[in-house]
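Lettering of chains follows the sequences in order, A, B, ..., and the numbering in each one begins at 1.
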Amino acid sequence: MDRSVSPKAADFSIALLAWFDAARRDLPWRRARTPWRTWVSEVMLQQTTVDTVAPRFEAFVERFPTPRALAEASDDAILSAWSGLGYYRRVRMLRDGARACVERHSGEIPTSYATLSELPGVGPYTAGAIASLAFDEAVPAVDGNVGRVVSRIAGLKVDPSKPAGRRAVEEEIRLLMPASSPGAFNEAMIELGALVCRPTRPRCDACPVRAFCVAVDDVPENYPLKKTRQESVAVSCVRAFVPAGDGGAWTVAIDEGGRLAGFREFPGRWLAPGESAESALRDALSVLGFSSITIGAEKARCRHTITRHRITAILHAVRAVGPPSSSPAKPSSIAELSGPGVTTETRKLVAAAAEVGP
DNA sequence: TACGCGTGGTA
DNA sequence: TTACCAAGCGT
C-alpha cells in the first residue's frame with residue numbers, strides 16, 4: 001500500500017491525523033474500541049444523528065454485551081432496547097448478523113472486510129468501518145461524510161450514494177490512505193465531515209487539509225452531486241380509542257413483514273380521498289370483530305412523518321362491544337399506551353389526548 | 001436502479 | 001409550517 005502513497009498523500013494524512021488527535025469528540029463508542037461496540041455503533045448511526053445515538057449506546061451494549069447475547073434475544077427485548085432510534089429493521093438485521101457469527105464463526109466477529117461483507121445487514125460502509133476501525137485493515141469506509149469530504153477534495157462530480165460514485169470515492173481514498181493507520185484515517189475523515197466539511201456552511205477556514213482541496217477554490221456546497229428526492233405525500237388516518245379497563249384501550253399489533261412490524265397501535269386505517277372518518281372507522285373496527293359501534297367526538301390529533309409520508313392522525317372516542325378472543329385486537333393498559341411497545345404515532349396521540357383532558 | 005424504512009433537529 | 005436531512009442496507 002505504501003508504494004502507491006505519494007509524498008502529497010503522506011502530507012495529507014499527517015495534517016488530517018494531527019487535527020483528529022486534537023479535535024476528536026469524546027463519544028461513547030470510542031471509549032473502548034472493540035469489534036462488537038464498533039459494529040453496534042455503526043448500525044445505530046446509519047441515517048441517525050450522533051445526538052440520538054449517544055445516550056442510548058451504552059445501555060444497549062450493556063444489555064447485549066456480545067453477538068451471542070443479541071443472537072439469543074427475543075423480538076420484544078431487542079425492539080425495546082432499540083426504542084427511539086428508528087429504522088427498527090436495522091436491529092433485526094443486526095441480530096441476524098449476530099446469529100450468523102454464532103453459526104458460522106463460533107460467536108466471533110469476522111476480522112476481514114470480505115468476510116464481514118457476508119453478514120446480513122453489513123454493507124460496504126459497515127464492513128469497511130468495522131474492518132478498519134476495529135481491525136486496522138486498509139479498506140475504505142465511505143459514508144455520507146466521507147463521500148462529501150472526498151468529492152470536495154478531489155473535485156469529483158459524482159453522487160457517492162450511488163455505487164458508481166462510491167467506487168470513484170473509494171479510488172481516491174486508496175490513493176490517500178496510509179498503510180500505518182487506516183482506522184484512524186477513516187475515522188478522521190468521518191469526523192472531518194461531521195465537524196468541518198459540513199453539508200452547509202463548511203468551515204473551510206478551520207480545515208486542516210484545505211491546501212489539498214479542489215472545491216475550496218470553487219463552491220464547496222456544489223459537491224457532492226445531490227441525489228434527486230421523492231416528493232412528500234400528505235395522508236390522513238383515523239384511529240379509534242375504544243376504552244378497555246382503567247384508562248386503557250384496545251390496540252392491534254402491526255403485521256409481521258410490514259413497516260413497524262411488532263409494534264401496537266390504535267385500530268383504524270388510512271382515510272381514502274373523500275371518505276368520512278366515521279365510515280372508515282366503522283369499517284376498520286368491524287373487520288376486527290367489534291360490534292354495536294358508536295363513533296364519538298375527536299379526542300386528539302397529531303402530525304407524524306415516516307420517510308416521505310406526512311401523516312395527520314386523528315383519534316376518535318368510540319364506544320363498541322369488544323371483539324371475540326380470536327380477534328387480533330387486545331386491551332392495552334394506559335402505561336402500555338405510552339411505553340416502548342407502541343408506535344411513535346400512538347404515543348403522540350396519547351400525549352395529545354392527555355393535554356386536552358381525560 | 002429506485003425505493004422504503006423512523007426519528008428528532010435545524011434553517 | 002415545510003424541507004432536508006444524519007455514520008446505509010436490502011430488495
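At the heavy-atom level, Arg56(A) lies nowhere under 4.0 Å from the strands shown. Within the 4.0 angstrom heavy-atom criterion, no nucleotide atom of any strand lies near Leu133(A). Heavy atoms of Arg347(A) sit nowhere under 4.0 angstrom from any nucleic acid atom. Trp29(A) comes within 4.0 angstrom of a base, heavy atoms only. Looking at heavy-atom distances under 4.0 Å, Val50(A) makes contact with a base. Thr126(A) comes within contact range of the sugar-phosphate backbone alone, with a heavy-atom separation under 4.0 Å but no base atom that close. Residue Met93(A) is classed as a sugar-phosphate contact, given heavy-atom separations below 4.0 Å to backbone atoms only.
For Arg89(A), counting side-chain heavy atoms from C-beta on, the closest listed nucleotide (dT7(B), dT2(C), dC5(B)) is dC5(B). The His304(A) side chain lies nearest to dT7(B) when the options are dT2(C), dT7(B), dG8(C). Comparing atom distances between the Arg201(A) side chain and each of dA11(B), dA6(C), dT2(C) picks out dA11(B) as nearest. When distances are taken from the side chain of Lys162(A) to each of dA2(B), dT7(B), dG10(C), the shortest belongs to dA2(B).
Scanning for ring-ring contact (aromatic ring centres under 6.0 Å, His included) contacts around Phe290(A) gives Trp250(A), with sequence neighbours left out. The side chain to side chain contact (heavy atoms under 4.5 Å, CB included) search around Lys330(A) returns Arg264(A), not counting sequence neighbours.
Within 3.5 Å, no donor on the side chain of Thr52(A) pairs with an acceptor on the base of dG9(B), nor the reverse.
Arg148(A) places its CZ atom 15 Å from the C1' atom of dG8(C), with the value rounded to the nearest Å. At whole-Å resolution of the value, NZ in Lys226(A) and P in dA2(B) are 18 Å apart. Atom CD of Gln47(A) is separated from atom C1' of dC5(C) by 9 Å (rounded to the nearest Å).
Residues Asp75(A) and Arg95(A) are in side-chain contact: their nearest non-hydrogen atoms beyond the backbone lie under 4.5 Å apart.
A gap of 23 Å separates the P atoms of dC9(C) and dG8(B), to the nearest Å.
Residue Thr48(A) is the one, among Thr48(A) and Leu119(A), whose nearest nucleotide of DNA chain C lies closer to the 5' end (criterion: closest heavy atom).
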